[in-house]
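Computed from a prediction, not measured in an experiment: that's the story for all the values here. Just so you know, residue 1 is the first one in the sequence shown, and it goes up from there.
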Amino acid sequence: PALRNHLLTFALTMAATLTTQDVRDIQSSFAVMDVNKTELIDMEGFYTLWLGLGYSRNMSKQDLAVYIPQHQHEAITLNNVLTICSRHSRDSESEIATSFQLLDSTGSGCIRPSDLVTLAKDMGDSLTLEEAQCMIGDGKEGWTMDDFRSILSR
């Protein structure tokens, strides 16, 4: 149950308003995108942040640009990003896919027991390979994307 909760937390943020975790995620991503440490990012950086955090993939850069005054497209502040993100919810399907890709350490299309052990360790829990294999199911190599979706929807 604890690992399932971690997976849910890792994969889904449902509210359109920003939670404390949303703000932390945005701040961390903004800091990564702010390579010159000027507390500003450009439109390309904002769009990368937008997609990376699981916001709507249906919005193009041009759609997002509407929210930013033209003269600020090369100088977007953290406050601009927080304001815009607070008006939108994360795309849960996109977040699930992104989470799956992050957990699938080998890129094989499957989350293996060793990936679950790593996740548990990163979340401050302990899980043995044997326990992880038991969670995945005896005889199964790992969870596919469909398995992962099913687990998160339980």
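Between the CG atom in Leu53 and the OG atom in Ser28 there is a gap of 9.0 Å [rounded to 0.5 Å]. Here the CG atom belonging to Leu18 is positioned 8.5 Å from the OG1 atom belonging to Thr83, to the nearest 0.5 angstrom. Between the CH2 atom of Trp50 and the NE2 atom of His88 there is a distance of 4.0 Å, given to the nearest 0.5 Å. Here the CG atom belonging to Asn36 is positioned 9.5 Å from the CG atom belonging to Asp42, to the nearest 0.5 angstrom.
Remark: Ile68 engages Gln72, His73, Ile76, Asn80, Ile84 in a side-chain contact (heavy atoms from CB on, under 4.5 Å) (not counting sequence neighbours). Annotation: side-chain contact (heavy atoms from CB on, under 4.5 Å) contacts of Ser126 (sequence neighbours excluded): none. Applying the side-chain hydrogen bond (donor to acceptor under 3.5 Å, both in side chains) test to Asp146 and every residue at least two apart in sequence or in another chain returns Arg149. Judged as a side-chain contact (heavy atoms from CB on, under 4.5 Å), and not counting sequence neighbours, the contacts of Thr20 are Arg24. Legend: residues meeting side-chain contact (heavy atoms from CB on, under 4.5 Å) with Thr118, ordered by chain and number and at least two apart, are Asp122.
For Cys110 against Gly142, the heavy-atom pair with the smallest separation is SG-CA, 3.5 Å. Summarising the geometry of Pro113 relative to Gln133, their closest heavy-atom pair is CG-OE1, 3.1 Å, with the distance given to 0.1 Å. For Phe100 against Trp143, the heavy-atom pair with the smallest separation is CE1-O, 3.5 Å. Contact between Tyr47 and Met59 at its shortest, heavy atoms only, is OH-O, 3.0 Å. Annotation for Leu127 and Ala132: closest pair CD2-CB, 3.8 Å, computed over non-hydrogen atoms. Nearest heavy atoms, Leu116 versus Ile111: CD2-CG2, 4.0 Å.
Cluster partners of Val117, using a side-chain heavy-atom cutoff of under 4.5 Å among ILVMFWY residues and allowing indirect links, are Leu129.
When atom types are taken as modelled, the side chain of Asp104 and the backbone of Gln101 share no donor-acceptor pair closer than 3.5 angstrom. The main-chain N or O of Ile26 is never found under 3.5 Å from a side-chain atom of Ser29 such that the two would form a donor-acceptor pair.
A donor and an acceptor atom, one from each side chain of Thr19 and Asp22, are located under 3.5 Å apart.
Follow the hydrophobic side-chain contacts under 4.5 Å out from Leu40 and you never reach Leu64; the two are in separate clusters. Using a 4.5 Å cut-off between side-chain heavy atoms of Ile, Leu, Val, Met, Phe, Trp and Tyr, with links allowed through other members, Val32 and Phe46 fall into different hydrophobic clusters.
Residues Ile41 and Thr48 fail the side-chain proximity criterion, which asks for heavy atoms closer than 4.5 Å. With contacts defined as side-chain heavy-atom distances shorter than 4.5 Å, the pair Met33/Glu44 does not qualify. Gln27 has its side chain within reach of Leu78: a pair of non-hydrogen atoms, C-beta onward, lies under 4.5 Å apart.
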| request: Tell me, with the steps shown, if Ser60 and Gln62 meet side-chain hydrogen bond (donor to acceptor under 3.5 Å, both in side chains). | output: CA-CA 5 Å; Ser60 68; Gln62 292 75 23; 3.3 Å; yes
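The neighbour count for Lys140 NZ, taken as heavy atoms of other residues, nucleotides or ligands under 6.0 Å away, is above 12.
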